[in-house]
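Reviewing the structure listed below.
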Amino acid sequence: MGNDAITPREKDFSQWYLDVIKVAELADHSPVRGCMVIRPNGYAIWEKIQAGLDRRIKETGHQNAYFPLFIPESFLKKEAQHVEGFSPELAVVTIGGGKTLEEPLVVRPTSETIIYSMFSKWVNSYRDLPLLINQWANVVRWEMRTRLFLRTTEFLWQEGHTCHTTEAEAEEEVLRILDLYADFVENEMAVPVLRGLKSDNERFAGALRTWSIEAMMQDGKALQAGTSHNLGQNFSVPFNVRYQDQQSQMQYAWMTSWGVSTRLVGALIMAHSDDAGLICPPRLAPLGAVIVPIWSSDEDKAAVLPMAQTIADALRPFTGVKVDDREQMRPGSKYAEWEQRGIPIRIEVGPKDVAKAQCVMVRRDTRKKEFVPIDGIANAVRAEHEQMQRDLFQRALDFRTTHTREIDTWDEFVAWCGAAQGFGLAHWCGDSGCEAKVKEETKVTIRNRPIEYVQGTKKAEPGRCIKCNGASAYPVYWGIAY
RNA sequence: CGGGGUGUAGCGCAGCCUGGUAGCGCGCCUGCUUUGGGUGCAGGAUGUCGGAGGUUCGAAUCCUCUCACCCCGACCA
């Protein structure tokens with residue numbers, strides 16, 4: 001055990017991240033390049049993410065469906081920007097059943113084309129709209145450089161696809177989903193996000209507009225945690241998704257697509273964990289508490305184990321619980337192991353506690369110990385969970401706040417890039433060329449344009465583009481992205 | 001795909017320069033011991049030295065190729 005060393009976060013963030021994944025047994029490298037095996041501990045977290053999102057997606061009127069893994073190559077080509085954006089990273093099947101296929105099949109990198117080919121059959125009347133579909137699936141993108149959870153050749157995700165009668169309605173949907181994602185990531189994952197509009201350079205291939213939520217990791221880098229695209233009529237035209245309106249006129253539908261992926265697990269790890277291992281927010285923890293009974297004699301054991309079970313029974317109604325009654329292992333080893341795995345609450349029960357009808361409750365993130373009467377344990381754990389959930393969010397928010405700087409001049413910007421820790425809030429004229437130049441010179445890109453400014457709920461703050469000094473209505477978020 | 005690095009037991013590493021057929025710590029198994037922050041003792045198992053070729057009487061060690069991973073760049077959720 002003592003050897004499952006985790007590289008200190010300060011020393012080497014990338015290695016620390018990989019070490020946490022290893023000791024917490026979240027994932028493993030597969031025999032196939034760039035692919036990962038999601039181990040039970042990691043998959044359980046993904047299942048919690050799925051559950052939380054699936055509920056929200058259904059509550060907003062969407063239905064789940066499933067579309068094929070294989071997409072005829074020609075489908076991708078129907079939307080020029082779409083195929084241009086994805087062709088470098090496609091996996092293509094050319095042989096089936098030992099014979100060369102008439103038409104190569106692309107392993108989906110995303111499902112717009114195959115889904116919209118079906119939508120064109122299903123949508124005939126304005127009465128068929130809105131059409132609100134979601135699918136949980138795996139997708140494949142042949143990435144050059146991969147990292148566990150953050151970017152793998154194959155990953156799991158959810159992709160929503162909707163059709164509407166007007167652009168405004170589509171935009172409403174796109175923003176509803178953006179809020180849905182923000183709500184989930186902030187409240188369940190305890191990771192604060194910035195909602196905003198992507199610049200043209202980072203827009204989804206084939207979209208009119210791409211909105212995103214951006215999170216800051218503990219190394220100050222930005223992670224795009226979710227995207228929501230207004231596709232306009234860019235796909236409804238080539239895929240002929242048309243409906244008859246109330247005036248009997250044929251109209252092309254306005255469409256949206258949006259998704260979040262197993263990348264969220266990476267966000268979770270990098271946002272909260274520490275040098276002792278994973279820290280999982282209570283609402284997302286498959287196991288909310290672990291109980292470690294302590295004994296040194298058979299008599300003690302006979303008293304302690306039932307008490308541990310009693311506590312477990314009290315907690316089970318609202319959280320996952322495990323009694324760690326492994327015989328040969330000492331308590332200290334168990335503590336260390338459960339800390340690596342990120343279990344939010346540890347409860348220690350020994351003979352002394354049994355005598356006093358109490359137990360010791362320890363929080364994973366702070367490691368603060370507290371004596372709690374047995375008969376109040378359920379409420380105590382529940383309250384501690386809630387507090388921990390809030391604290392994790394607040395800590396992440398504070399981190400982001402202290403690592404966000406307003407920057408006015410290019411010199412200042414360059415100096416800030418040297419340190420490159422966190423987000424810079426700086427003006428931008430709106431020109432792609434300026435953004436490209438900045439990226440070339442500093443590796444920093446625009447994360448997004450704050451939704452408050454884009455929508456005008458926050459008053460414009462005119463300024464000068466840090467790169468070209470051109471006019472700018474409001475500052476945007478800059479940062480180094482994962 | 002370019003530059004750099006690493007691959008030896010489950011994990012972390014030594015051995016490689018100066019070829020002679022593999023070792024250490026932790027973990028694992030057995031027994032006893034111990035159990036409120038990574039117990040102690042004794043015994044034991046585990047490697048086609050990332051893979052393929054070559055040089056050699058002999059290769060973990062030298063040469064060539066290849067694969068994977070990590071870091072940095074170009075691309076991306």
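Labels below follow one simple rule: chain letters A, B, ... track the order of the sequence lines, proteins then strands, and each chain is numbered from 1. As the structure is a prediction and not an experimental result, all values here were calculated from the model.
Atom CG in A/Asp324 sits about 15 Å away from atom C1' in B/G36, given to the nearest Å. As rounded to whole Å, 5 Å separates atom P of B/U39 from atom CZ of A/Arg330. Taking atom CH2 of residue A/Trp295 and atom C1' of nucleotide B/U39, one finds them 15 Å apart after rounding to whole Å. As rounded to whole Å, 12 Å separates atom C1' of B/G27 from atom CD of A/Gln340. Counting to the nearest Å, the C1' atom of B/G37 and the CE atom of A/Met361 are 18 Å from each other. Distance CD (A/Glu337) to C1' (B/U39): 16 Å, rounded to an integer number of Å. Separating the CD atom of A/Glu327 from the C1' atom of B/U35 is a distance of 11 Å, rounded to the nearest angstrom. Rounded to an integer number of Å, the gap from CE of A/Met329 to P of B/G36 is 12 Å.
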What pairs of donor and acceptor atoms, side-chain ones from residues 286-298 of chain A against any protein atom, are under 3.5 angstrom apart with sequence neighbours left out?
residue  : atom : partner  : partner atom : Å
A/Ser296 : OG   : A/Asp300 : OD2          : 3.3
A/Ser297 : OG   : A/Asp300 : N            : 3.1
A/Ser297 : OG   : A/Asp300 : OD2          : 3.3

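Ring to ring, A/Trp478 and A/Phe413 are close: their centroids are under 6.0 angstrom apart. Taking the six-membered ring wherever Trp is involved, the centroid distance between the rings of A/Phe67 and A/His161 does not fall below 6.0 Å.
Each of A/Pro331 and A/Cys35 has a nearest nucleotide on RNA chain B; the 5'-most of these lies closest to A/Pro331.
Comparing the P positions of B/U66 and B/A77 gives an interatomic distance of 31 Å, to the nearest angstrom. For the C1' atom pair drawn from B/U8 and B/A59, the interatomic distance equals 14 Å after rounding to whole Å. As rounded to the nearest Å, B/U34 and B/A52 have P atoms that lie 50 Å from one another. The gap from the P atom of B/U30 to that of B/U48 amounts to 23 Å, rounded to the nearest Å. Between the P atoms of B/G54 and B/U18, the separation comes to 24 Å (whole Å). Taking atom C1' on both B/A22 and B/A60, the two are 8 Å apart, rounded to the nearest angstrom. Across the C1' atoms, B/C49 and B/C67 are found 16 Å apart, a figure rounded to whole Å. Taking the C1' atoms as reference points, B/G37 lies 23 Å from B/C28, given to the whole Å.
Listed by chain and residue number, A/Pro192, A/Phe393, A/Gln394, A/Arg400, A/Thr401 satisfy the side-chain contact (heavy atoms from CB on, under 4.5 Å) test with A/Leu397 (two or more places apart in sequence, or in another chain). Applying the side-chain contact (heavy atoms from CB on, under 4.5 Å) test to A/Met36 and every residue at least two apart in sequence or in another chain returns A/Ala27, A/Ile38, A/Leu148, A/Phe149, A/Thr152, A/Thr262. For the side-chain contact (heavy atoms from CB on, under 4.5 Å) test, residues two or more places apart in sequence or in another chain that qualify with A/Glu25 are A/Arg39, A/Asn41, A/Arg341. Contacts of A/Thr445 classified as side-chain contact (heavy atoms from CB on, under 4.5 Å), with partners at least two apart in sequence or in another chain: A/Glu202, A/Glu435, A/Lys439, A/Arg447, A/Ala481. Not a single side-chain hydrogen bond (donor to acceptor under 3.5 Å, both in side chains) links A/Glu84 to another residue, sequence neighbours left out.
Across all strands shown, B/A52 is found opposite B/U64 as a Watson-Crick or G-U wobble partner, with both distances under 3.5 Å. Using N1 to N3 plus N6-O4 or O6-N4 for Watson-Crick, or N1-O2 and O6-N3 for G-U wobble, each under 3.5 Å, B/C1 pairs with B/G73. In a base pair of the Watson-Crick type (N1 to N3 plus N6-O4 or O6-N4) or a G-U wobble (N1-O2 and O6-N3), with each distance short of 3.5 Å, B/C24 is matched with B/G12. Pairing for B/G43 is with B/C29, a Watson-Crick or G-U wobble pair whose two hydrogen-bonding atom distances lie under 3.5 Å.
As judged by a 4.0 angstrom heavy-atom cut-off over every strand, A/Glu339 is placed among the base-contacting residues. Here A/Arg346 lies in heavy-atom contact (under 4.0 Å) with a base. Across all strands shown, A/Gly34 has heavy atoms under 4.0 Å from sugar-phosphate atoms exclusively, and none from any base.
Heavy atoms from other residues, nucleotides or ligands lying under 6.0 Å from NZ of A/Lys78 number more than 12. For A/Glu440, the CD atom sits in a loose shell: 12 or fewer heavy atoms of surrounding residues, nucleotides or ligands are nearer than 6.0 Å.
Near-neighbour residues of RNA chain B inside residues 111-118 of chain A, defined by a heavy atom below 4.0 Å, are absent. Against RNA chain B, the stretch residues 350-360 of chain A makes heavy-atom approaches under 4.0 Å through A/Gly350, A/Pro351, A/Lys352, A/Asp353, A/Val360. Applying a 4.0 Å cut-off to non-hydrogen atoms, the residues of residues 363-376 of chain A that approach RNA chain B are A/Lys369, listed by residue number.
Within the structure, ring pair (Phe, Tyr, Trp, His ring centres under 6.0 Å) contacts touching residues 323-354 of chain A (residues at least two apart or in different chains) do not occur. Judged as a salt bridge (Lys or Arg N to Asp or Glu O under 4.0 Å), the pairs with a partner in residues 259-280 of chain A (not counting sequence neighbours) are, in order, A/Asp274-A/Arg364.
Annotation: side chain of A/Trp258 is not in contact with side chain of A/His229 (no heavy-atom distance under 4.5 Å).
Residues A/Met216 and A/Gly422 share a closest heavy-atom pair of CE-CA, 3.7 Å. Minimum interatomic distance between A/Pro281 and A/Leu392 (heavy atoms only, all atoms of both residues): CA-CD1, 3.6 Å.
In summary, the side chains of A/Gln387 and A/Asp391 do present a donor paired with an acceptor at a separation below 3.5 Å, with no hydrogens or angles considered.
At the phosphate of B/U34, neither OP1 nor OP2 sits under 4.0 Å from any side-chain N or O atom of A/Ser296.
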Between protein and nucleotides 71-77 of chain B, what N or O pairs are separated by less than 3.5 Å?
residue : atom : partner  : partner atom : Å
B/C71   : OP1  : A/Ser14  : OG           : 3.0
B/C71   : OP1  : A/Arg147 : NH2          : 2.9
B/C72   : OP2  : A/Arg145 : NH2          : 2.6
B/C76   : O2'  : A/Glu143 : OE2          : 3.0
B/C76   : O2   : A/Arg151 : NE           : 2.1
B/C76   : O2   : A/Arg151 : NH2          : 2.2
B/C76   : N3   : A/Arg151 : NH2          : 2.5
B/A77   : O3'  : A/Gln224 : NE2          : 2.4
B/A77   : O3'  : A/Arg263 : NH1          : 3.3
B/A77   : O2'  : A/Arg263 : NE           : 3.0
B/A77   : O2'  : A/Arg263 : NH1          : 2.1
B/A77   : O2'  : A/Arg263 : NH2          : 3.1
B/A77   : N6   : A/Thr152 : N            : 3.4
B/A77   : N6   : A/Thr152 : O            : 2.6
B/A77   : N3   : A/Ser261 : OG           : 3.3

